[in-house]
Amino acid sequence: MGLTFLCITCYFKGGDFLRACKEAGNTVYLLTAKRTEGKAWPYESIDEIFYLEDDSNTLPSFENMLKGLAYVMRTRKIDRVVALDDFDVEKAALVREHFRIPGMGQTTARYFRDKLAMRVQARDAGIKVPPFTGLFNDVEITEYLQATSAPWVIKPRSEASAAGIRKVYSFDEAWQTVHSLGEERHMFLIEQFKPGDVYHVDALTLDHKVIFERSSQYLNTPFEVAYGGGIFRSVTVEFNSKDAKALKKVNEQVLKAFNLNYSASHTEVIKCYEDGEFYFLETASRVGGAHLAEMVDFSSGINLWWEWAKIETAIAKGEEYTLPAVRKEYSGIIISLARQEWPDISPFNDPEIVWRMNEEYHVGLIVQSTSRERVMELMDKYAEMIRHDYHASAPAKDKPTH
């Protein structure tokens, strides 16, 4: 017998999750922001859509959401709640707690949403993190700045992506930035900036065990793209390499420390240039954004959205879940803002291209090969073509958008 899933996402994403959830025989409700009305949702897989006029994570917004859902639940039962985006993890946890629906509660959700909670929990579990502190106490902040060296990064505790991050280069600049945050400063943290290569591990967890993971390296970090107007690129890490093994270990340690029972996850790790060590940056209990799910799919044959929906259904029904066969191929993704509304991408014609982005003022491709060298070669070639003929950059936003 099918169950009823309430899927929450205030951004237009997660279509494959909704399709897989419906295909598994469930009733699917979607709770989304009013501004996504009219987007190309998979309507055939959604039984009913509810809209939030205000989708901010504030107490008045939460209260209105709970009132609305309480009214909905007078005539409809909800068995499971799933957040498909970072911004909705708090909403989903609150709904589960309030209506006593099984799944991740607010305490665990904090580890996947609050960057300060993440760092404290990781550090306490013996996982390497860049030196950091909250912005609560003046004496502690001063002592922290004196004990560590610049540059530092001041970042919001609960904004996804690289939005709202400020890099500071001196004691005085750090304090000026802290003061500029005013009464909001408790919502930020400061950490030492560690130059290095940034990696992401995209995974599926079931019964507290990581059952699938694929590690990739950002060739341009999200921070560089957001603040330097760069071109976004990521490539699968060499299989069975020392880095791949280290990343697998860090990801497993993090998800265990954060008590993740079952979900998709996206964990970011930095390999520091100074000491060659891997440092945990942050994690999320959802599928990675920026079309990384497609990139992982072309590398592994695993559609993270689809399998996550199947895991949620199996857990809810008390059934067994079996992961499909996993392939080992290399894939790479490149995405850039474009000067043209609908750029002509016919010059990109290598046989390794398996996906093309179809979004105005964007150019994007995914390539797939049994050779990592070939993927890297194409990534460099396309970056040069895009830089020369297509690339546009926009100023970084203080608040993230998807």
Side-chain angles (χ1 to χ4, degrees), residues 5-24 28 30-32 36 39 41-42 45 80-93 103-104 108-109 111-113 118 160-162 198-206 210-216 218 222 232 234 236 247 251 254-255 258 260-269 281-315 321 323-324 326 331 333 335 355 357 359 364 366 400-402:
F5 277 75
L6 175 68
C7 300
I8 307 178
T9 175
C10 290
Y11 294 93
F12 176 58
K13 68 191 320 185
D16 277 350
F17 186 100
L18 299 167
R19 291 183 192 95
C21 202
K22 188 65 187 170
E23 192 177 275
V28 178
L30 174 64
L31 177 63
T32 185
T36 73
K39 293 278 190 184
W41 294 104
S45 300
R80 287 293 190 275
V81 179
V82 183
L84 302 182
D85 185 79
D86 257 8
F87 290 101
D88 307 305
V89 168
E90 286 165 77
K91 295 183 185 77
M104 186 191 290
T108 303
Y111 301 141
F112 292 93
R113 192 68 190 105
M118 282 179 204
S161 82
V198 182
Y199 297 82
H200 55 99
V201 185
D202 297 279
L204 294 167
T205 297
L206 177 63
V210 178
I211 58 167
F212 167 79
E213 54 85 27
R214 184 69 22 125
S215 297
S216 312
Y218 292 120
F232 179 79
S234 182
T236 316
L247 290 161
N251 181 59
V254 166
L255 298 182
F258 292 10
L260 187 66
N261 186 348
Y262 56 93
S263 182
S265 61
H266 174 78
T267 301
E268 298 193 345
V269 179
L281 284 180
E282 55 198 58
T283 190
S285 57
R286 45 89 181 163
V287 173
H291 299 284
L292 293 175
E294 288 91 331
M295 176 194 153
V296 169
D297 193 351
F298 284 114
S299 163
S300 64
I302 300 297
N303 181 321
L304 293 165
W305 288 111
W306 204 266
E307 298 310 316
W308 180 20
K310 284 159 68 175
I311 286 170
E312 291 276 353
T313 301
I315 289 282
Y321 166 82
L323 184 74
V326 179
S331 62
I333 187 168
I335 294 177
W355 177 90
M357 194 170 191
E359 198 174 314
I366 293 175
T401 56
H402 287 224

Donor-acceptor under 3.5 Å ([X] side chain, [Y] main chain):
X      : Y      : value
Ser300 : Val326 : no
Asp202 : Val287 : no
Thr313 : Ala309 : yes
Thr267 : Asn251 : no
Thr108 : Met104 : no

>> Do the side chains of Asp86 and Arg286 get close enough for a salt bridge, i.e. N-O under 4.0 angstrom?
In response: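 Judged by the 4.0 Å cut-off on N to carboxylate O distance, Asp86 and Arg286 do form a salt bridge.
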Nearest-0.5 Å distance that lies between atom [atom1] in [X] and atom [atom2] in [Y]:
X      : Y      : atom1 : atom2 : result
Asn261 : Ile315 : CG    : CD1   : 6.0 Å
Leu31  : Cys10  : CG    : SG    : 6.5 Å
Thr32  : Tyr11  : OG1   : OH    : 10.0 Å
Trp305 : Lys13  : CH2   : NZ    : 5.0 Å
Cys21  : Leu6   : SG    : CG    : 10.5 Å
Met118 : Glu282 : CE    : CD    : 6.0 Å

Can you tell me how the ring of [X] sits relative to the ring of [Y], calling it parallel under 30°, perpendicular over 60° and tilted otherwise?
X      : Y      : answer
Tyr111 : Phe258 : tilted
Phe17  : Trp308 : perpendicular
Trp355 : His291 : tilted

> Can Trp41 and Thr36 be said to form a side chain to side chain contact (heavy atoms under 4.5 Å, CB included), step by step?
Replying inline: CA-CA 9 Å; Trp41 294 104; Thr36 73; 3.6 Å; yes
Would you indicate whether the side-chain heavy atoms of [Y] and [X] approach each other to under 4.5 Å?
X      : Y      : result
Ile8   : Val81  : yes
Met357 : Ile366 : no
Glu294 : Ile333 : no
Tyr321 : Ile211 : yes
Ser45  : Val28  : no
Val296 : Leu304 : yes
Glu268 : Tyr199 : no

Distance alone, cut at 3.5 Å: any donor-acceptor contact between the side chains of [X] and [Y]?
X      : Y      : answer
Thr9   : Asp85  : no
Ser299 : Arg214 : yes
Ser234 : His200 : yes

>> Minimum heavy-atom separation for Leu84 and Cys7, please, with both atom names.
In response: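 The answer is CD1-CB, 4.2 Å.
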>> Under the side-chain contact (heavy atoms from CB on, under 4.5 Å) test against Leu323, which residue among Ile311, Leu206, Leu204 passes?
In response: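 With Leu323 as partner, Ile311, Leu206, Leu204 yield a single side-chain contact (heavy atoms from CB on, under 4.5 Å), made by Leu204.
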> How far apart are the C-alpha atoms of Ile302 and Phe212, what are their side-chain angles, what is the distance that settles it, and do they pass the side chain to side chain contact (heavy atoms under 4.5 Å, CB included) test?
Replying inline: CA-CA 9 Å; Ile302 300 297; Phe212 167 79; 3.8 Å; yes
> What do the steps show when you test Ser285 against Val89 for side chain to side chain contact (heavy atoms under 4.5 Å, CB included), and what is the final call?
Replying inline: CA-CA 8 Å; Ser285 57; Val89 168; 3.9 Å; yes
> Is there a side chain to side chain contact (heavy atoms under 4.5 Å, CB included) between Leu260 and Phe112 once you walk through the steps?
Replying inline: CA-CA 9 Å; Leu260 187 66; Phe112 292 93; 3.8 Å; yes
> Below 6.0 angstrom between ring centroids: does that apply to Tyr218 and Phe232?
Replying inline: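 Yes: the rings meet the under 6.0 Å criterion.
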